[in-house]
Engineer: 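One structure follows; several queries about it will come next.
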Amino acid sequence: MKRRNFIKRASLTGVGIAVGSTFIGYSKTPFKNSLKNKATLPLVIATWHVKNATTKAMEILQNGGTALDAVEQGCMVEEADVKNQSVGKGGLPDREGNVTLDACIMNKDGDCGSVVYLQNITHAVSIARKVMEDTPHVMLAGKGAEQYAYDLGFKKENLLTESSKKAWEEWKKESKYKPIINIENHDTIGMLAIDKNGDISGACTTSGLAYKMAGRVGDSPIIGSGLFIDNEIGGCVATGLGEEVVKTVGSFLVVELMRQGKSPQEACEEAIKRIVKKPNSDYKNFQVGYIAVNKQGETGSYSIHQWFSMTKFQAGVNEQIQSDYFLKE
Ligand code: SD4
């Protein structure tokens with residue numbers, strides 16, 4: 001099944017189940033920051049089925065590179081892949097036909113950088129890294145971000161491929177588009193890595209929701225929503241309907257739940273339930289998925305609907321793992 005269609009199908013067949021009040025307070029068994037599974041490092045996980053990207057990231061890690069280099073270069077693989085229509089070059093455009101990119105990156109020291117509404121530059125994640133490392137700011141938007149990329153020597157590129165243009169033209173003919181919820185396309189790449197020193201970094205890059213309103217920015221470049229790293233605890237990255245992730249500050253929430261003693265799996269589940277449990281939540285009609293890793297190298301992933309998956313490269317195995325999900329059929 002094409003990833004971009006799975007949300008609709010899942011929501012047609014899904015039956016809601018009651019959400020218990022399982023939210024925890026402060027844990028009686030605080031999280032231990034020991035690296036007891038050191039043998040399993042380095043590791044990399046990413047949203048969706050992106051084995052080429054995790055292969056690239058693992059190559060960096062195995063050659064002694066940092067988790068930061070690994071997540072940047074792993075994400076760049078997807079940004080350059082014109083077949084991936086939710087990231088970088090070849091991304092589906094907004095309603096006006098403009099491809100606009102959002103990305104962010106965060107390192108082991110809690111530094112971060114992001115770009116929003118970036119046009120004409122394939123490697124948004126690299127510009128986000130430069131914002132983090134070479135400017136006094138955290139976020140650059142639109143024309144300013146684009147000019148900064150040119151100042152760095154990045155080349156102007158047309159990101160709208162023929163096939164994405166064709167898809168947009170088809171969509172324009174058929175669409176009954178409502179601006180509030182768009183569940184048509186979810187393939188954002190979020191990546192988390194731990195290097196051989198046990199240091200964690202993460203990155204997230206996307207062209208956002210297909211056919212979004214012009215100017216719309218989602219969760220992916222928002223630190224704490226699309227991505228959060230705390231090198232003492234772990235990291236989390238989100239995919240899906242960004243508006244819902246932002247409303248619950250999802251990735252920060254997952255990391256804080258891990259701080260309180262939850263495993264990455266439990267923390268992802270809890271954060272999804274926060275979304276589902278909101279008054280008037282329309283969760284049957286949109287998707288959100290989280291992946292997370294803790295300092296010990298344990299991982300987890302969870303989504304509202306079926307068909308979300310995580311790619312994990314650890315101990316020589318690069319595998320796609322179907323994520324557990326809330327809305328059981
Ligand atoms: C957004 N979270 O812009 C992104 C979309 C996404 O796979 O995840 N696409 O809301």
Side-chain angles (χ1 to χ4, degrees), residues 1-8 10 46-50 53 75 78-79 81 83-88 90-95 98-104 114-119 124-125 128 139 141 159 164 167 177-192 202-228 236-254 268 271-272 275 282-283 285-292 301-305 307-311 323 325:
M1 181 186 296
K2 277 194 148 187
R3 284 174 285 174
R4 54 184 295 209
N5 290 330
F6 87 101
I7 298 158
K8 279 180 183 166
T47 54
W48 303 108
H49 184 203
V50 288
C75 285
E78 292 300 314
E79 288 178 334
D81 181 356
K83 293 197 289 308
N84 185 335
Q85 290 187 301
S86 286
V87 180
L92 289 167
D94 66 14
R95 297 200 231 181
N98 296 313
V99 181
T100 70
L101 307 182
D102 298 333
C104 74
S114 87
V115 288
V116 306
Y117 200 74
L118 176 66
Q119 292 178 265
V125 71
M139 185 181 285
L159 303 184
S164 288
Y177 181 71
K178 290 185 285 169
I180 299 168
I181 292 175
N182 184 333
I183 56 172
E184 292 166 61
N185 189 278
H186 293 274
D187 289 350
T188 291
I189 298 307
M191 188 175 272
L192 305 168
C204 188
T205 183
T206 188
S207 52
L209 297 183
Y211 320 128
K212 60 199 174 188
M213 289 176 72
R216 182 265 186 192
V217 171
D219 62 315
S220 302
I222 311 291
I223 296 297
S225 291
L227 171 72
F228 196 71
C236 176
V237 68
T239 183
L241 186 65
E243 281 74 1
E244 299 301 321
V245 177
V246 169
K247 287 177 202 168
T248 51
V249 199
S251 292
F252 183 72
L253 174 61
V254 169
C268 290
I272 289 293
I275 294 172
D282 191 28
Y283 64 91
N285 291 312
F286 63 79
Q287 172 71 318
V288 172
Y290 291 113
I291 64 169
S301 65
Y302 199 67
S303 56
I304 299 174
H305 297 279
W307 305 117
F308 176 53
S309 64
M310 162 173 84
T311 306
S323 304
Y325 55 98

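Note that ligands are numbered from 1 as they come in the structure, with each ligand's atoms numbered from 1 the same way.
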Engineer: Give yes or no for whether the N/O distance cutoff of 3.5 Å, strictly under, is met between G218 and ligand 1.
Structural biologist: no
Engineer: Report the part of R216 in contact with ligand 1, treating N, CA, C, O as backbone and CB onward as side chain, heavy atoms under 4.0 Å; options are side chain, backbone, both, neither.
Structural biologist: side chain
Engineer: Return a yes/no value for T239: is any of its N or O atoms, backbone included, closer than 3.5 angstrom to an N or O of ligand 1?
Structural biologist: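 By distance alone, the answer is yes.
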Engineer: Using a strict cut-off of 4.0 Å, indicate which atoms of ligand 1 neighbour a heavy atom of D219.
Structural biologist: 1 (C), 2 (N), 4 (C), 10 (O)
Engineer: Does an N or O from T188, backbone or side chain, lie closer than 3.5 Å to an N or O of ligand 1?
Structural biologist: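 By distance alone, the answer is yes.
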Engineer: Can you list the ligand 1 atoms lying under 4.0 Å from a non-hydrogen atom of G208?
Structural biologist: 3 (O)
Engineer: Do the side chains of E243 and K212 get close enough for a salt bridge, i.e. N-O under 4.0 angstrom?
Structural biologist: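 Here E243 does not pair with K212 in a salt bridge, since their nearest N and O are not under 4.0 Å apart.
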Engineer: Name the one of D219, I222, T239 that satisfies side chain to side chain contact (heavy atoms under 4.5 Å, CB included) with V245?
Structural biologist: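 Answer to the side chain to side chain contact (heavy atoms under 4.5 Å, CB included) test with V245 among D219, I222, T239: D219.
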Engineer: Roughly how far apart are T206 OG1 and E78 CD, rounded to 0.5 Å?
Structural biologist: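 Rounded to the nearest 0.5 Å, the OG1-CD separation comes out at 11.5 Å.
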Engineer: Hey, is ligand 1 close enough to G242 that some N/O pair sits below 3.5 Å?
Structural biologist: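 Yes - when backbone and side-chain N and O of G242 are compared with those of ligand 1, one distance drops under 3.5 Å.
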Engineer: Using distance alone, decide if ligand 1 has a nitrogen or oxygen within less than 3.5 Å of any nitrogen or oxygen in W48.
Structural biologist: no
Engineer: Supply the atom-to-atom distance Q287 CD to W307 CH2, rounded to the nearest 0.5 angstrom.
Structural biologist: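 So the CD of Q287 and the CH2 of W307 are separated by 12.0 Å.
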Engineer: Just to verify, what does F252 make a ring pair (Phe, Tyr, Trp, His ring centres under 6.0 Å) with, not counting sequence neighbours?
Structural biologist: F228
Engineer: Which of the atoms of ligand 1 are close to S220, meaning less than 4.0 Å from one of its heavy atoms?
Structural biologist: 2 (N), 4 (C)
Engineer: Which distance, rounded to the nearest 0.5 Å, do you find between the OG of S207 and the CG of N84?
Structural biologist: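 It is 7.5 Å, given to the nearest 0.5 Å.
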Engineer: Going by salt bridge (Lys or Arg N to Asp or Glu O under 4.0 Å), name the residues that satisfy it together with D94, two or more places apart in sequence or in a different chain.
Structural biologist: none
